[in-house]
Each structure stands twice: as C-alpha cells, then as structure tokens.
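Working notes for the structure below.
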Amino acid sequence: MLKTTIIGASGYTGAELALMVHKHPELTLSGLYVSANSLDAGKSIAELHGKLAGIISHPVLPLTDVEAVAQASDVVFLATAHEVSHDLAPTFLAQGCQVFDLSGAFRVKKEGFYDQFYGFEHQHEAWLDNSVYGLAEWNQDGIKQCQLVAVPGCYPTASQLAIKPLLEAGLVDGSQWPVINATSGVSGAGRKASMTNSYCEVSLQPYGVFNHRHQPEIASHLGTDVIFTPHLGNFKRGILATITIKLAKDVTEQQVAEAFNSAYQGKPAVRLTADVLPRIQNVENTPFCDIGWKVQGEHIIVVSAIDNLLKGASSQAMQCLNIHYGFPELTALI
C-alpha cells in the first residue's frame with residue numbers, strides 16, 4: 001500500500017482527493033495537512049466537508065515539519081497555491097516522494113512565464129525541466145516515468161482535449177487561431193468566500209480577457225496560439241468550453257471523426273458524443289471529459305465538458321497516479 005499524503009486537504013479538490021485515496025485499493029491515507037496558520041487546522045476532514053462524515057475521520061493537521069511528513073509518505077498530492085507548491089515540492093522530491101502538483105507551479109517551461117503570469121520568480125528550474133505535464137490522455141509515457149507530475153487545470157484540460165486531436169492530425173488552418181469560450185462554475189474560484197465568488201453576487205460574465213494565465217499555458221502545450229476567454233457562471237461545478245476552429249482546406253467530416261476516434265480509442269476518461277453536444281449535467285461528479293462537434297464548411301465547433309473539480313483537478317491527478325503506477329486508469333474514480 002502506498003502511503004499517500006494530501007497537502008491543502010481542506011479545499012474542494014483536497015476533499016475530493018481524500019475520498020479517492022480512501023476508495024483506492026492500493027493506497028492508504030497517511031495524512032491530511034494545511035498551512036500552519038490555517039483556520040481549518042485541527043478540525044476533522046468530515047467537519048469541513050460533511051459528505052465525508054462516516055467515511056473519513058482523519059484530522060486536518062498543520063504542516064509544521066515538511067521533512068517529517070515527507071519521510072512518512074510515498075505519494076504526495078499538492079492541492080495548494082502556486083507559490084506554496086513551488087516552495088514545498090522540492091523538499092518532498094528530495095525525500096523520494098512521488099509528487100502530483102495540482103497548482104500551476106511546474107506546468108510551463110518558458111522563460112519569464114512565472115514572473116509575468118504568476119507574480120513570482122521561479123527558483124527551481126531543474127525541477128521545472130524535469131517535470132511532466134499531466135494531461136493524462138496525451139503524456140502517458142512521461143507520467144509513467146516522472147517523479148513530478150504537474151497536473152493541468154480545468155480550463156486547459158477542457159480546451160486541449162478538444163483541440164489536440166485536430167492539430168495532431170494536421171486538420172487545422174494555422175492562419176486562424178482557435179477561439180475558446182469557456183464557462184466555469186464558482187467552485188473553480190476555491191472555497192474561500194469573497195464578493196467575486198459569492199453565489200448571490202455571481203452573474204454570467206467574462207473575465208481575464210486577453211490576459212488570463214491559462215491562455216499561454218494552453219498555447220504553450222498545444223504549440224499554437226489561441227484566443228481564450230473564460231467566463232464565470234452562476235452554478236456550482238463544471239466547465240463547458242465551446243471552441244471555434246478553421247479547418248484546413250478540403251477537410252471532411254469523416255477525417256474529423258477519425259481524428260477524434262483515433263486520439264481517444266482506449267482512453268476511458270474521454271467520451272465522444274459526436275453529434276450530441278456535451279453538457280455539464282452529464283459530467284458533473286464524474287471523471288469524464290465529454291467531447292462533441294459540428295462541422296459546417298471550413299469551420300468546426302467543438303464542445304468539451306468536464307467537472308472542474310474532478311477531470312479539471314483531483315480525478316486527473318488520481319488518473320495520473322494510476323498511469324504512473326500501472327493501475328487501471330479509472331481506479332477509485334468510478
């Protein structure tokens with residue numbers, strides 16, 4: 001049994017991970033931790049997340065001795081802020097832990113990226129170079145081999161899974177950037193209350209127009225520029241991405257279908273819905289990404305739906321763990 005620790009356990013994704021670890025036949029939950037000054041320190045996980053009552057009673061402990069926690073762990077999930085993951089990951093890695101980082105701290109290998117989009121200077125270039133991007137359906141070889149897996153966020157996952165098959169098959173007209181319009185539920189803003197994500201204050205609206213940090217992440221890993229506009233919706237969980245792409249000359253609907261089917265054959269977390277366009281209701285509380293599309297003339301509209309807390313965070317992290325250790329991909333997820 002792999003001793004598994006979750007840092008940042010009091011948040012939404014931390015709670016989802018705790019439940020998955022509890023359900024996983026090859027893992028044992030060795031510890032739940034939050035920052036030493038967190039108001040959640042000392043409470044039980046079930047007290048913080050009532051759905052875990054009667055299932056997991058572990059206390060959420062303050063993280064005061066990182067090396068001691070590392071020595072007691074085989075696997076560490078970092079469900080922490082970007083700067084926190086940046087600082088913690090090297091200590092866990094140095095102690096031999098397998099690390100799955102759900103923050104953006106190790107996702108993009110591009111000079112100046114973290115200064116510009118995250119507001120801090122990256123101090124661990126060696127680990128940045130030796131991490132793998134955990135887009136589970138596309139980077140399996142790297143995930144199997146790498147000690148540090150940087151799990152993509154929700155918008156990049158929904159967007160890339162919808163676009164990559166067409167790019168890889170050479171079906172996209174490179175003269176026109178793909179246009180991504182994506183809407184997320186308010187849980188994507190985290191558990192901490194604010195006027196921005198207060199349920200009564202949220203109205204459907206775009207944000208981060210032309211300057212959201214996920215745009216360069218998506219563009220970097222796709223290898224092509226995109227226009228990305230995120231929206232906040234007044235619902236709890238889920239992401240729906242509607243993506244407009246210009247196809248290369250004379251591309252047929254059959255070629256499009258073949259590209260998607262070839263890319264995701266044998267990939268159990270992606271469900272192709274073809275002519276029935278996806279909706280959030282069908283993916284919330286599941287580890288799946290549903291992808292559907294419509295072709296008209298030179299353009300295709302691809303629609304992608306995921307649960308932002310699961311395929312966009314915790315279940316993709318667990319999917320990466322399963323790939324790394326050779327377990328069936330959806331173990332503990334369905």
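None of these values were measured; they are calculated from a predicted model.
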Problem - Side-chain donor-acceptor pair present, Thr273, Asp290, cut-off under 3.5 Å - result: no
Problem - Short side-chain donor-acceptor distance under 3.5 Å, Asn285 and Arg237 - result: yes
Fill in the blank from the handout: Across all chains, not counting sequence neighbours, the salt bridge (Lys or Arg N to Asp or Glu O under 4.0 Å) partners of Lys110 are none
Exercise for the section: Say whether Gln123 and Tyr114, considering side chains only, have a donor N or O and an acceptor N or O under 3.5 Å apart. Expected result: no
Problem - Trace of the side-chain hydrogen bond (donor to acceptor under 3.5 Å, both in side chains) decision for Ser85 with Thr80 - result: CA-CA 6 Å; Ser85 287; Thr80 45; 2.6 Å; yes
Acceptor/donor pairs from residues 141-149 side chains to any protein atom, 3.5 angstrom cut, sequence neighbours excluded:
from	atom 1	to	atom 2	distance (Å)
Gln147	NE2	Leu93	O	3.0
Gln147	NE2	Cys97	O	2.8

Exercise for the section: Would you tell me whether Asn322 and His24 have side-chain atoms, one donor and one acceptor, within less than 3.5 Å of each other? Expected result: yes
Problem - No-hydrogen, no-angle side-chain donor-acceptor test under 3.5 Å, Thr4 and Ser30 - result: no
Handout entry: By salt bridge (Lys or Arg N to Asp or Glu O under 4.0 Å) - contacts of Glu217 (at least two apart)
Key = Arg107
Exercise for the section: For Glu137, enumerate each residue passing the salt bridge (Lys or Arg N to Asp or Glu O under 4.0 Å) test, keeping only those at least two apart in sequence or located in another chain. Expected result: Lys311
Completion exercise
Arg213 meets the salt bridge (Lys or Arg N to Asp or Glu O under 4.0 Å) criterion, sequence neighbours left out, with none
Could you tabulate the donor-acceptor pairs under 3.5 Å formed by side-chain atoms of residues 325-334, not counting sequence neighbours?
from	atom 1	to	atom 2	distance (Å)
Glu329	OE1	Gln319	NE2	2.8
Glu329	OE2	Gln140	NE2	2.8
Thr331	OG1	Pro328	O	2.7

Exercise for the section: Measure the spacing between CD1 of Ile6 and CG of Leu78 and express it to the nearest 0.5 Å. Expected result: 10.5 Å
Exercise for the section: List the steps and the verdict of side chain to side chain contact (heavy atoms under 4.5 Å, CB included) for Val302 and Phe260. Expected result: CA-CA 11 Å; Val302 187; Phe260 279 110; 4.0 Å; yes
Exercise for the section: Begin from the C-alpha positions of His49 and Ile56 and carry the test side chain to side chain contact (heavy atoms under 4.5 Å, CB included) through to its verdict. Expected result: CA-CA 10 Å; His49 296 276; Ile56 305 172; over 6 Å; no
